[in-house]
Amino acid sequence: MQARAERPRFNDPHIPDEITARDLPASARNELKTLSKENAELVARHLAMASRLIDEDPARAHEHALAASRRAGRIAIVRETLAITAYATEDFALALRELRTYRRISGKDDQIALMVDSERGIGRPDRALETGRAVDRSSLSTPVRVALAIAMSGARLDQGDLELALGELEIPELDPDRAFEWSPALFTARAAVLEDLGRDEEAAFWAHRADVAAEALGVDEAGDEEIYVEDGLIEDGLIEDGLIEDDSLEEAPETEPEPEPSVEDEVRELLGEEDGGDVAEEADGLGDEPERQA
């Protein structure tokens, strides 16, 4: 008991009083039900702050994600948030480690594109391509599949293979006359590769399509009226044709064997400064502070 009393305290980032657990989406709050009520409330508020700050202040968002991980390191949404904030602060090694842990806990591949980009950030385009090829793309939701294609194209660019980079973007979703949530990013990526190839006229066409798609999606916020883009019909959503897929049906469990430590082993590793007995005593799923990697 003396060791517990002398355990060092962390200086957690401040959370404004107006931020409550309900600022976190219900689906994320549901993942925290294994925690004690008090701990779940605090973790949810840290996650809500991380989400709020990720664009304007990634470093502060990362501090909140770290605070959440110290209290709930076995929860998938916590490790996913930590990975995203680490990526935003360009700590790609930590992002990759946390994404792998998130995938083991959740059984999902929905952050595969970020894993590929993290490998690229570390300077390993070959590993990035291997990571992307290891998943069954048919099991991915459409937005994830498109994001993966863009990340794979980026890895090809890192290797200097411009034509292969362009080929990675040749996917069914590349339709200049229809706009979906993923269309602006996909069109922009294609325009950039074409520009690198010196095909300026084609690059300008796709850059223009990206702008038009972004504008159209911004106008049609209700999602129930049809939008025309020049000579092409844009139907925001296209639900009637089944082109928006149900994410809950598309996520596939991870089947790829990986010689990596179990979640329990990693949790003990992450709090290496404290004794393992203390970790085992916490019945509410408290996690440990992930060690930062360069």
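- With values rounded to the nearest 0.5 angstrom, T85 atom OG1 is found 10.0 Å from L47 atom CG.
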Review point. Between L164 and Q159, does a side-chain contact (heavy atoms from CB on, under 4.5 Å) hold up when you go through it step by step?
Key: CA-CA 10 Å; L164 291 178; Q159 294 180 324; 6.0 Å; no

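- Checked for salt-bridge contact, D109 and R103 meet the test: a charged N lies under 4.0 Å from a carboxylate O.
- Both F205 and I171 sit in one connected hydrophobic cluster of ILVMFWY residues. Membership requires side-chain heavy atoms under 4.5 Å apart, directly or through other members.
- By the criterion of side-chain heavy atoms lying less than 4.5 angstrom apart, applied directly or through intervening Ile, Leu, Val, Met, Phe, Trp or Tyr residues, I122 is grouped together with M115 in one hydrophobic cluster.
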Practice item. Begin from the C-alpha positions of L140 and D110 and carry the test side-chain contact (heavy atoms from CB on, under 4.5 Å) through to its verdict. Key: CA-CA 7 Å; L140 303 176; D110 56 341; over 6 Å; no

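- With values rounded to the nearest 0.5 angstrom, L66 atom CG is found 11.0 Å from T81 atom OG1.
- Using a cutoff of 4.0 Å between basic side-chain nitrogens and carboxylate oxygens, D12 and R45 are not scored as salt-bridged.
- Aromatic ring pairs are classed by plane angle as parallel below 30°, tilted from 30° to 60° and perpendicular above 60°; the pair H46 and H64 is tilted.
- Under a hydrophobic-cluster definition in which Ile, Leu, Val, Met, Phe, Trp and Tyr are linked whenever side-chain heavy atoms come within less than 4.5 Å, directly or via other members, V116 and V144 are assigned to the same cluster.
- Cluster membership check: L194 shares its hydrophobic cluster with F187, using side-chain heavy-atom separations under 4.5 Å among Ile, Leu, Val, Met, Phe, Trp and Tyr.
- For E38, the CD atom counts as loosely surrounded, since its 6.0 Å shell holds 12 or fewer non-hydrogen atoms of other residues, nucleotides or ligands.
- Following chains of ILVMFWY side-chain contacts shorter than 4.5 Å, one cannot reach Y102 starting from L148, and the two form parts of different hydrophobic clusters.
- Here CD1 of I112 is found 10.5 Å from CG of D117. Values are rounded to the nearest 0.5 Å.
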Exercise for review: Please test L129 against R156 for side-chain contact (heavy atoms from CB on, under 4.5 Å), starting from the C-alpha separation and ending with a verdict.
Suggested key: CA-CA 8 Å; L129 292 170; R156 296 291 192 185; 3.8 Å; yes

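- The heavy-atom pair separating I54 from P58 by the smallest distance is O-CG, 3.4 Å.
- Atom-to-atom distance recorded for R190:CZ and E168:CD is 12.5 Å, nearest 0.5 angstrom.
- Note that the CZ atom of R124 and the OG1 atom of T131 stand 8.0 Å from one another [nearest 0.5 Å].
- Side-chain contact check for E173 versus R178: every heavy-atom pair is 4.5 Å or farther apart.
- Residues P13 and M49 fail the side-chain proximity criterion, which asks for heavy atoms closer than 4.5 Å.
- The backbone N or O of F180 sits less than 3.5 Å from a side-chain atom of S183, completing a donor-acceptor pair.
- Side chain of D23 to main chain of T20: a donor-acceptor pair is present (N/O by atom type, distance under 3.5 Å, no hydrogens or angles).
- Note that CD1 of I75 and OG1 of T34 are 3.5 Å apart. Values are rounded to the nearest 0.5 Å.
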Point to revise | Derivation of the side-chain contact (heavy atoms from CB on, under 4.5 Å) call for W206 and L174 | key: CA-CA 10 Å; W206 285 101; L174 188 71; 3.8 Å; yes

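- In this structure, R71 and L35 approach most closely via the heavy-atom pair O-CD2, 4.3 Å.
- Across all their heavy atoms, A65 and L82 have their closest contact at CB-CA, 3.8 Å.
- Without hydrogens or angle criteria, R79 side chain to T101 main chain gives no donor-acceptor distance under 3.5 Å.
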